[in-house]
Amino acid sequence: MADVCVRIAPSPTGAPHVGTAYIALFNIAYARAQGGKVILRIEDTDQTRSRRHHEDRLLSALKWLGLAWDEGPDVGGPAAPYRQSERLDQYEKYALQLVEAGHAYYSFTTPEELAAWRSRRGQGDPPPYYAERERSASQNRGRAETADSYVIRMKMPREGTGVVTDSLRGEIPFEYATIDDQIILKSDGFPTYHLAVVVDDHLMGVDNVIRGEEWISSTPKHLLLYQQLGWDPPRYTHLPLLLNPDRSKMSKRRNPTSIDYYRRAGFLPAPMLNYLALMAYPPDGEEEKFSFQQLVDRFDLGRVNLGGSVFDLDKLSWLNGRYIREDLTPEALLGEMKSWLLNDEFISGMIPLMQERMPTLGDFMPRCAFFFAREVNPSLEDLVPGKREAADAVGMLQTAVWALEELDPWSGKEIEKAVKRVADFWEWPIRDVTRPMFSAIMGQPVGPPLYESIVLLQVDMSRSRLLAAMALLGGLSKKKLKALEKKWR
RNA sequence: GCUCCCAUCGUCUAGCGGUAAGGACCCAAGGUUUUCAACCUUGUAACCGGAGUUCGACUCUCCGUGGGAGCACCA
């Protein structure tokens, strides 16, 4: 086999996720240890959710961490383009080839019809065989040319068994009959993940797919596509998931998941990578602190752990502290502080908010400390408006989180609208919404203007403060959360 | 519900048939320090259960149990 080639294939549909960095880290560590190469490919096949600014944030977050790739949309390479939205002709070509060969078929069933069909199905029914009639009709080509819209589905075998070989878990058997006829080409002409990943990995020469465990169950589909296209499949390695404290898949509902949050909160790149590595890779002996290079030097894919890991902020903080006191000269630390938030750009955002409320220059820092703090400590009383119940305050804060998350652009005007929306929803005077928010955001019910402060704090830090306040108030039960969400939408 | 994955202290882990089951985070106590932090010492705390295999199982096999993931015109 030629040189090892791996890829990082993130989807630009939201804030840069620590899980993306975690998977990327293992891919790169493996490639470097093997002397292979790393491709960064943008999986932007979801037109409704993919955004260019998400891609930009993602790349800069990965670069901030010190992660680097050999080929990608920003550096180019022999397999360009590296953005799936720019490779549509390839996917269509192979989708048609699969149809010609009888491995895939056109389907004209609308999403509405599909939904109705699904809801009619009983519990004990056989696997979701879609569009049975269309599947067996081979003459739909003509109809596809005139139809308003259609999709192309894989034709999964209705019997037989296959095997996924995972380099860590060994052979994983599966029955074709339990797998549905997955859509591979959507009605907008874009491929789904399954087709795109197979076509691109093959065309780009990727021979090792190292991805999250959530992909195991769709690997059979990928394997079948390789077979039908007459290509050699890569070697698969599925990494364990990063978990919330309750052991569910890590989500921003329970944890800060954005790399930007950690950066904003004052974590350094090296300990971040070190900690992420620790999530699935044992340390060398008893020293848990190691550099990326040290990891590469002793990297053995086979030593990766299988159980999911709870992301522990306490331990990350401890490790970060060790880097600060052990690896940085005072000058270097000063430099880190400056490139973090102690710079003109950031502080100048605070000046207009503070000019009217600082009798002396010395009042500035104490009153703006919350802009820099990792967390604040609001009191219970300040979080609950007079005459209201704590449970309602929690609910209100939750709706504030939802309202803020949807904002685009992230501006004072929009934040004001969001807060009004929350007040309307609860039929509360605006003050009953802003006072708890002041406390949650700043740690006290008074301070610089709320909306502009939230602007400076950015979405991830704001959310984490609101979430922390909710936890302080006792949180929200799963049931109540669901009911509230339904009402909110 | 169906399919699959996983299983050592609360958390991250070492262990690869014979160990007093080791380390780290967290927590507690003590020490050091003008304070705090850091540092040092000590302590609390784990092999999910049941059958096998074996002279001997945390370790191998099977069955349970528990947890997780997937089952979209999202990735």
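A note on names: the letters A, B, ... follow the listed sequences, proteins ahead of strands, and every chain is numbered from 1.
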In terms of side-chain heavy atoms of [X], which of [options] is nearest?
X: A:Val310; options: B:rC73, B:rC5, B:rU11; answer: B:rU11
X: A:Glu213; options: B:rC5, B:rA14, B:rC12; answer: B:rC5
X: A:Lys315; options: B:rG23, B:rA69, B:rA38; answer: B:rG23
X: A:Ile172; options: B:rC74, B:rC4, B:rC39; answer: B:rC4
X: A:Pro283; options: B:rC12, B:rA75, B:rU13; answer: B:rU13
X: A:Glu288; options: B:rU13, B:rA24, B:rC73; answer: B:rA24

What's [X] touching, base or sugar-phosphate or nothing? Going by heavy atoms closer than 4.0 Å.
X: A:Arg303; value: sugar-phosphate
X: A:Asn305; value: sugar-phosphate
X: A:Pro173; value: sugar-phosphate
X: A:Leu241; value: sugar-phosphate
X: A:Val151; value: base
X: A:Pro282; value: sugar-phosphate
X: A:Ile183; value: base

With a cut-off of less than 4.0 Å, is there a side-chain N or O of [X] near OP1 or OP2 of [N]?
X: A:Thr45; N: B:rA75; answer: yes
X: A:Lys249; N: B:rC5; answer: no
X: A:Ser309; N: B:rU11; answer: no
X: A:Lys221; N: B:rG70; answer: no

Pair assignment for [N], Watson-Crick or G-U wobble, requiring both distances under 3.5 Å:
N: B:rG10; result: B:rC25
N: B:rC62; result: B:rG50
N: B:rU35; result: none
N: B:rC2; result: B:rG70
N: B:rA45; result: none

Test: A:Asp166 and A:Arg235 ion pair at under 4.0 Å:
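Looking at A:Arg235 together with A:Asp166, the answer is no, because their closest N to O distance does not fall below 4.0 Å.
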
Identify whether the distance between the nearest side-chain nitrogen and carboxylate oxygen of A:Asp260 and A:Arg263 falls below 4.0 Å.
no

Plane angle bin for A:Phe26 and A:Tyr22 - parallel if under 30°, tilted between 30 and 60°, otherwise perpendicular
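Perpendicular, since the angle between the ring planes exceeds 60°.
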
Is the charged tip of A:Arg298 near the ring of A:Phe290: under 6.0 Å from the six-membered ring centre and within 45° of its axis?
yes

Taking the cut-offs as 6.0 angstrom to the six-membered ring centre and 45 degrees off its axis, would you call A:Lys315 and A:Tyr275 a cation-pi pair?
no

ring-ring contact (aromatic ring centres under 6.0 Å, His included) contacts in which one or both residues fall within residues 183-221 of chain A, not counting sequence neighbours:
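Sorted result for residues 183-221 of chain A: A:Tyr193-A:Trp215, A:Tyr193-A:His222, A:His194-A:His222, A:His202-A:Trp231.
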
So if I apply the salt bridge (Lys or Arg N to Asp or Glu O under 4.0 Å) rule between A:Asp181 and each of A:Lys155, A:Arg158, A:Arg153, which one comes out positive?
A:Arg158

Among residues 47-67 of chain A, which contact RNA chain B at a heavy-atom distance under 4.0 Å?
A:Arg49

